[in-house]
Amino acid sequence: MTAAATEPLLKARGVTKHFPIRRGILQRTVGVVQAVDGVDLDVMPGETVGLVGESGCGKSTLGRTLLRLVEPTAGEILFQGRDVARLRGRELKAMRRDMQIIFQDPVGSLDPRMTVRDIVSEGLAIHGLAPGRQRAAKVKEILQRVGLRPEAASRYPHEFSGGQRQRIGIARALVLQPKFVVADEPVSALDVSIQSQVLNLLVELKREFNLTYLFVAHNLAVVGYISDRIAVMYLGKVVELADAAELYRKPLHPYTMALLSAIPEPRPGARHQRIVLRGEVPSPINPPSGCRFRTRCPIAQEICAEREPPLEMKPGGHLAACHFAGTPIA
């Protein structure tokens with residue numbers, strides 16, 4: 001493998017997104033919501049990196065920040081070696097063609113006043129691609145590829161089911177043939193019976209179009225099915241990162257252990273130990289000192305409040321941010 005082939009498609013270093021809290025008539029800033037706080041992440045060409053965590057941990061904000069749908073507060077985002085945060089005008093527009101997103105809400109993300117043809121072809125029109133009949137042919141081709149009939153192009157979003165609407169969203173993202181796609185919880189709003197169909201479609205499209213995914217979800221079972229590597233987020237920070245199979249086999253961070261213990265056992269009558277985390281997730285406005293997970297961690301000690309554990313390599317090839325990584329939870 002050449003050196004160029006081993007370079008990440010996307011490299012994030014110290015990515016931070018803080019949302020200011022403003023109050024009063026003068027709208028003075030009185031605090032910040034630390035949605036994403038110093039995240040490092042590499043995504044290699046052709047791989048799927050799963051990003052998992054509880055609701056409110058910052059995973060969707062991170063995905064949107066990497067695409068510059070949300071402006072980063074600090075940090076560096078390199079896509080194919082170019083700093084995304086520094087791009088302007090035509091350069092930024094050209095970059096957006098290569099970086100697309102599949103939104104979580106298959107209803108709210110589609111304009112109800114536009115036909116499916118207009119929704120899917122909008123990106124082609126913006127970038128001046130495939131004029132005239134070529135554009136119509138591309139729309140027809142991508143709709144068929146995601147499992148929709150060609151006649152769907154003349155209909156409106158309200159005429160489709162939730163799963164079909166999400167397929168429209170996938171078609172809109174892929175019609176530009178992007179290199180990198182953020183899938184922001186693309187199956188969480190769908191019926192369980194439909195989720196597997198959409199997941200299988202995403203896997204097939206990845207192979208066919210040679211895509212690279214950042215797959216955001218709160219369900220480790222779903223993430224494990226589609227991902228090559230998994231990053232676990234808690235309160236704005238990545239606390240563990242490892243190959244999917246290795247993470248399932250031997251998690252090192254107590255938060256990851258708790259998430260895995262919540263996955264239902266598929267075998268009837270089988271039992272496994274459930275790790276129940278006590279207390280509520282702290283506020284991102286005023287996170288705990290030291291390790292942010294320590295207020296709910298069953299193995300926390302005094303050092304956890306005094307010093308924040310760095311995300312560093314542990315035995316077994318995991319990156320984990322824990323002073324006592326790998327310690328069993330009784």
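For this chain, numbers begin at 1 and follow the sequence in order.
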Show me the side-chain donor-acceptor pairs of residues 117-133 shorter than 3.5 Å, one per line, residues at least two apart or across chains.
residue: Asp118; atom: OD2; partner: Thr115; partner atom: OG1; Å: 3.2
residue: Ser121; atom: OG; partner: Arg117; partner atom: O; Å: 2.6

Worksheet entry | Sidechain N-carboxylate O distance under 4.0 Å for Lys59, Glu185 |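 A salt bridge is present here (some side-chain N lies under 4.0 Å from a carboxylate O).
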Discussion item. Check this for me, if you would: do Glu91 and Lys93 make a salt bridge, where the nitrogen-to-carboxylate-oxygen distance has to be below 4.0 angstrom?
Written reply: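 No, no charged N to carboxylate O under 4.0 Å.
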Worksheet item: Looking at Tyr156, does the NZ or CZ of Arg113 lie under 6.0 angstrom from its six-membered ring centre and within 45 degrees of the ring axis?
Response: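 No, Arg113 does not lie over the aromatic ring of Tyr156.
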Practice prompt. Quick one: which residue pairs count as a salt bridge (charged side-chain N to carboxylate O under 4.0 Å, His left out) with a foot in residues 12-29, not counting sequence neighbours?
Written response: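 Of all non-adjacent pairs touching residues 12-29, those that pass salt bridge (charged side-chain N to carboxylate O under 4.0 Å, His left out) are Arg13-Asp42.
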Side-chain polar contacts of residues 46-58 - donor-acceptor pairs under 3.5 angstrom, sequence neighbours left out - could you list them?
residue: Glu47; atom: OE1; partner: Arg229; partner atom: NE; Å: 3.1
residue: Glu47; atom: OE2; partner: Met44; partner atom: N; Å: 2.9
residue: Glu47; atom: OE2; partner: Arg229; partner atom: NE; Å: 3.4
residue: Glu47; atom: OE2; partner: Arg229; partner atom: NH2; Å: 2.6
residue: Thr48; atom: OG1; partner: Lys206; partner atom: NZ; Å: 3.0
residue: Glu54; atom: OE1; partner: Tyr255; partner atom: OH; Å: 3.1
residue: Glu54; atom: OE1; partner: Arg296; partner atom: NH1; Å: 3.1

Worksheet item: Is the count of non-hydrogen atoms from other residues, nucleotides or ligands lying under 6.0 Å from Glu151 atom CD greater than 12?
Response: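 Yes, enclosed.
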Worksheet entry | Candidate pair Glu204 and Arg207, rule salt bridge (charged side-chain N to carboxylate O under 4.0 Å, His left out), full reasoning | CA-CA 5 Å; Glu204 293 170 6; Arg207 297 195 194 103; over 6 Å; no
Measure across [X] and [Y] and return the closest heavy-atom pair with its distance rounded to 0.1 Å.
X      : Y      : result
Leu252 : Ala320 : CB-CB, 4.3 Å
Pro106 : Gln166 : CB-N, 3.7 Å
Leu190 : Pro186 : CD1-O, 3.8 Å
Lys179 : Phe79  : CB-CZ, 4.3 Å
Pro20  : Val32  : CA-CG1, 4.1 Å

Extract all donor-acceptor atom pairs below 3.5 Å that involve side chains of residues 137-147 and protein atoms in other chains or at least two apart in sequence.
residue: Arg145; atom: NE; partner: Glu208; partner atom: OE1; Å: 2.2
residue: Arg145; atom: NE; partner: Glu208; partner atom: OE2; Å: 3.3
residue: Arg145; atom: NH2; partner: Glu208; partner atom: OE1; Å: 2.9

Practice prompt. Mind jotting down which residue pairs meet the ring pair (Phe, Tyr, Trp, His ring centres under 6.0 Å) criterion with at least one end in residues 92-116? Sequence neighbours excluded, please.
Written response: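 Those involving residues 92-116 do not exist here.
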Worksheet item: Do side-chain atoms of Asp40 reach the backbone of Gly14 as a donor and acceptor pair under 3.5 angstrom?
Response: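 Here the side-chain-to-backbone pair exists.
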Practice prompt. Output yes when a side-chain donor or acceptor of Ser227 lies under 3.5 Å from a complementary backbone atom of Gly224, and no otherwise.
Written response: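 Here the side-chain-to-backbone pair does not exist.
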Fill in: salt bridge (Lys or Arg N to Asp or Glu O under 4.0 Å) against Arg294, all qualifying residues, sequence neighbours excluded
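Testing Arg294 for salt bridge (Lys or Arg N to Asp or Glu O under 4.0 Å), a comparison that skips the adjacent residues, returns none.
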Worksheet entry | CG-CE distance between Leu41 and Met233, expressed to the nearest 0.5 angstrom |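 Those atoms lie 9.5 Å apart.
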Discussion item. Parallel, tilted or perpendicular, judged at 30° and 60°: which one describes the rings of Tyr234 and Phe293?
Written reply: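 The arrangement is perpendicular - the two ring planes meet at more than 60°.
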Item to complete: Dump the intermediate steps for side chain to side chain donor-acceptor pair (under 3.5 Å) on His318 and Asp243, then the final yes or no.
Response: CA-CA 8 Å; His318 288 224; Asp243 289 342; over 6 Å; no
